[in-house]
Amino acid sequence: MVAVRAFEKYGINLTVEQLGDQWLENSAAHGFQRGSARLLRRGVKAPDTGNPRYNKLWWTIGPEFSSDVYALSLQACPTSQPRWLVD
């Protein structure tokens with residue numbers, strides 16, 4: 001739901017940094033994500049919060065579940081994919 005809120009706030013060209021800001025604003029960290037939230041609070045910006053250099057749990061499955069939101073939101077406008085989805 002954080003991603004949906006971020007799309008509403010920032011629009012279809014949402015950046016990963018904006019998503020990180022929204023995620024932190026909504027206190028969305030649960031379980032393994034607490035490490036990423038801790039990094040965000042320390043000033044590490046997304047996508048570096050998922051980098052193995054900073055986050056020892058970078059490989060966890062949570063993002064696979066979250067990616068469904070992005071896939072569903074882009075079906076109607078495939079030419080509007082945020083740059084970070086295709087990089």
Side-chain angles (χ1 to χ4, degrees):
M1 291 310 299
V2 173
V4 172
R5 288 179 181 161
F7 276 122
E8 289 175 344
K9 184 174 183 179
Y10 298 107
I12 195 68
N13 292 316
L14 169 71
T15 68
V16 72
E17 187 172 326
Q18 290 168 328
L19 179 60
D21 292 343
Q22 186 70 42
W23 197 67
L24 188 57
E25 179 181 323
N26 293 125
S27 301
H30 301 284
F32 69 88
Q33 298 169 338
R34 289 186 184 128
S36 295
R38 191 175 315 112
L39 291 169
L40 285 168
R41 285 192 297 273
R42 290 181 184 165
V44 177
K45 294 289 187 182
D48 288 336
T49 53
N51 186 315
R53 180 179 190 186
Y54 303 105
N55 189 338
K56 66 180 179 178
L57 298 175
W58 64 271
W59 50 271
T60 56
I61 197 169
E64 293 178 23
F65 297 124
S66 302
S67 66
D68 292 345
V69 172
Y70 310 115
L72 290 172
S73 67
L74 293 173
Q75 287 180 351
C77 49
T79 59
S80 298
Q81 293 178 357
R83 182 182 176 121
W84 55 269
L85 282 177
V86 295
D87 281 351

Check: E25 and K9 side chains under 4.5 Å, non-hydrogen atoms
yes
Give a yes or no on whether the backbone of V2 and the side-chain of N26 come within a donor-acceptor separation of less than 3.5 Å.
no
Nearest 0.5 Å, please: how far is OH in Y10 from CD in E17?
9.5 Å
A6 versus L19, closest heavy-atom pair with distance:
CB-CD1, 3.9 Å
Between T49 and V44, what is the shortest heavy-atom contact and its length?
CG2-O, 3.4 Å
Which atoms form the tightest heavy-atom contact between D21 and K45, and what is the distance?
OD1-NZ, 3.4 Å
For the residue pair A46 and L40, what are the closest heavy atoms and their distance?
N-CD2, 4.2 Å
Gap separating the CG atom of L39 from the OH atom of Y54, nearest 0.5 angstrom
9.0 Å
Rounded to the nearest 0.5 Å, what separates atom CG in N13 from atom CD in Q18?
9.0 Å
